[in-house]
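To start, the structure under review is shown below, and the notes come after it.
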Amino acid sequence: MAKRSKTSAPSQRMLRVGELVRHEVAALLSRGEIIDDLLETVTVTVPEVRMTPDLKIANVYVMPLGGENAQEVADALNAHARFIRGRVTPALDLKYAPEFRFFVDTTFDEYGKIDALLKSERVQRDLGSRDDEDE
C-alpha cells in the first residue's frame, strides 16, 4: 500500500484540470455567452482555478478589470454556475462534471500590501544599514 503524502500541495492532475477549467471559463466569458446585465458591461479575468482532490468542485477565482464591483460579479457568476457548468464541461473530457464556485481573487490586494510594506521607510532603513556594513 502506497503512503500518501502529508503535504497539502495540489497534485499534478489537480493543477492540469484546474488550468483546463480556467482556459474554458475564460473563453466562455470572453465570448459573452452569459446573458447578464452586469457581466455584459465588464471584462472578467480568471487568474486561478483550484480543484478539489476528487475533481468534483472547481473554485474559480475571478476579478473584473479595474476591480470594481468584484463581489457583484462573483455573485452573478455564481447565479449562472449551472449554465457555465453545462457549457464548459463537454470540453474537459472528465468523468464527472465539476461544480463551479466563483470567488473574488484577492491575490492582487495581497501583492499590493507586500509591495507597500517593502517600500516602507522602516524596511528601507533596515536595508540601507546592511548596505553600509558591507562597504
Side-chain angles (χ1 to χ4, degrees):
M1 184 170 159
K3 286 189 175 183
R4 285 193 130 178
S5 175
K6 294 192 183 216
T7 63
S8 62
S11 68
Q12 285 296 318
R13 186 168 184 229
M14 290 167 58
L15 293 172
R16 181 180 54 82
V17 172
E19 193 63 18
L20 288 172
V21 170
R22 186 181 76 80
H23 281 281
E24 290 299 323
V25 170
L28 176 79
L29 291 172
S30 69
R31 288 190 303 262
E33 292 185 30
I34 303 171
I35 300 172
D36 187 281
D37 294 335
L38 177 63
L39 296 176
E40 290 174 354
T41 61
V42 297
T43 302
V44 180
T45 60
V46 184
E48 183 180 11
V49 174
R50 294 182 189 161
M51 300 297 296
T52 57
D54 60 1
L55 304 178
K56 290 189 178 182
I57 298 175
N59 293 318
V60 182
Y61 294 89
V62 296
M63 179 58 74
L65 201 60
E68 297 176 5
N69 302 328
Q71 189 58 50
E72 289 84 5
V73 168
D75 292 341
L77 288 169
N78 278 317
H80 296 286
R82 292 187 73 200
F83 173 78
I84 295 169
R85 180 183 187 184
R87 293 296 226 185
V88 169
T89 302
L92 298 177
D93 193 32
L94 295 173
K95 186 174 184 178
Y96 298 103
E99 176 186 336
F100 291 95
R101 296 179 184 168
F102 293 90
F103 300 98
V104 175
D105 183 34
T106 59
T107 55
F108 296 116
D109 297 335
E110 295 299 321
Y111 291 146
K113 289 177 187 176
I114 292 170
D115 192 43
L117 184 64
L118 290 173
K119 290 181 180 178
S120 71
E121 184 179 309
R122 185 175 178 184
V123 171
Q124 292 300 319
R125 182 187 58 205
D126 290 345
L127 291 175
S129 65
R130 182 174 288 171
D131 291 339
D132 294 339
E133 292 173 5
D134 291 340
E135 292 177 2

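Both backbone and side-chain heavy atoms feed into the values below; hydrogens, waters and symmetry mates do not. This is a predicted model, so every value here is computed, not measured. Sequential numbering from 1 along the given sequence is applied to the chain's residues.
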(message) Under a 4.0 Å threshold between the charged nitrogen and the carboxylate oxygen, would Arg16 count as salt-bridged to Glu19?
(response) no

(request) Identify the two heavy atoms, one from Leu92 and one from Glu24, that lie closest to each other, and give their separation to 0.1 Å. (result) CD2-CG, 4.0 Å

(request) Would you check if Val73 and Leu39 make a side-chain contact, meaning some heavy-atom pair closer than 4.5 Å? (result) yes

(message) Are there over 12 heavy-atom neighbours, none belonging to Arg31, within less than 6.0 Å of that residue's CZ?
(response) yes

(request) Measure the CZ-CG distance between Arg101 and Asn78 for me, rounded to the nearest 0.5 Å. (result) 9.5 Å

(message) Counting C-beta onward and ignoring hydrogens, is there a side-chain heavy-atom pair between Gln71 and Asp75 closer than 4.5 Å?
(response) yes

(request) Mark yes or no for whether Arg85, through its side chain, and Phe100, through its backbone, hold a donor-acceptor pair below 3.5 Å. (result) no

(request) Is it possible for you to say whether Val88 and Leu94 belong to one hydrophobic cluster, with membership spreading through side-chain heavy-atom contacts below 4.5 Å? (result) yes

(message) Just checking Asp54: does its CG atom have more than 12 heavy atoms from other residues, nucleotides or ligands closer to it than 6.0 angstrom?
(response) yes

(request) Would you kindly confirm whether Ile34 and Val104 end up in one hydrophobic cluster when ILVMFWY residues are joined by side chain heavy atoms under 4.5 Å apart? (result) no

(message) Rounded to the nearest 0.5 Å, what separates atom CD in Glu48 from atom CG in Asp105?
(response) 7.0 Å

(request) Look at the side-chain heavy atoms of Ile, Leu, Val, Met, Phe, Trp and Tyr, link any pair under 4.5 Å apart, and say whether Val17 and Met14 land in one connected group. (result) yes

(request) Indicate the atoms forming the closest heavy-atom contact of Tyr61 with Pro47, along with that distance. (result) O-CD, 3.1 Å

(message) As an exercise, state the distance from CD of Glu33 to CG of Leu28, rounded to the nearest 0.5 Å.
(response) 5.0 Å

(message) Within a 6.0 Å radius of atom CD on Gln12, are there more than 12 heavy atoms belonging to other residues, nucleotides or ligands?
(response) no

(message) With a sphere of 6.0 Å drawn around CG of Leu118, does it hold more than 12 non-hydrogen atoms of other residues, nucleotides or ligands?
(response) yes

(message) If I take atom CD from residue Glu99 and atom OG1 from residue Thr89, how far apart are they, to the nearest 0.5 angstrom?
(response) 11.0 Å

(message) Does Glu68 have more than 12 heavy atoms from other residues, nucleotides or ligands lying within 6.0 Å of its CD?
(response) no

(request) Report yes or no: does Thr52 contribute a side-chain atom to a donor-acceptor pair with the main-chain N or O of Ile57 at less than 3.5 Å? (result) yes

(request) Identify whether Leu77 and Phe83 are in the same connected component of the hydrophobic contact network (ILVMFWY, side-chain heavy atoms under 4.5 Å). (result) yes

(message) Test of understanding: clusters of I, L, V, M, F, W, Y form through side-chain heavy atoms closer than 4.5 Å, transitively. Do Val25 and Phe103 belong to the same one?
(response) no

(request) Locate the shortest heavy-atom distance separating Pro98 from Met51; write the atom from each residue and the value. (result) CB-CE, 4.0 Å

(message) Nearest 0.5 Å, please: how far is NZ in Lys56 from NZ in Lys95?
(response) 8.5 Å

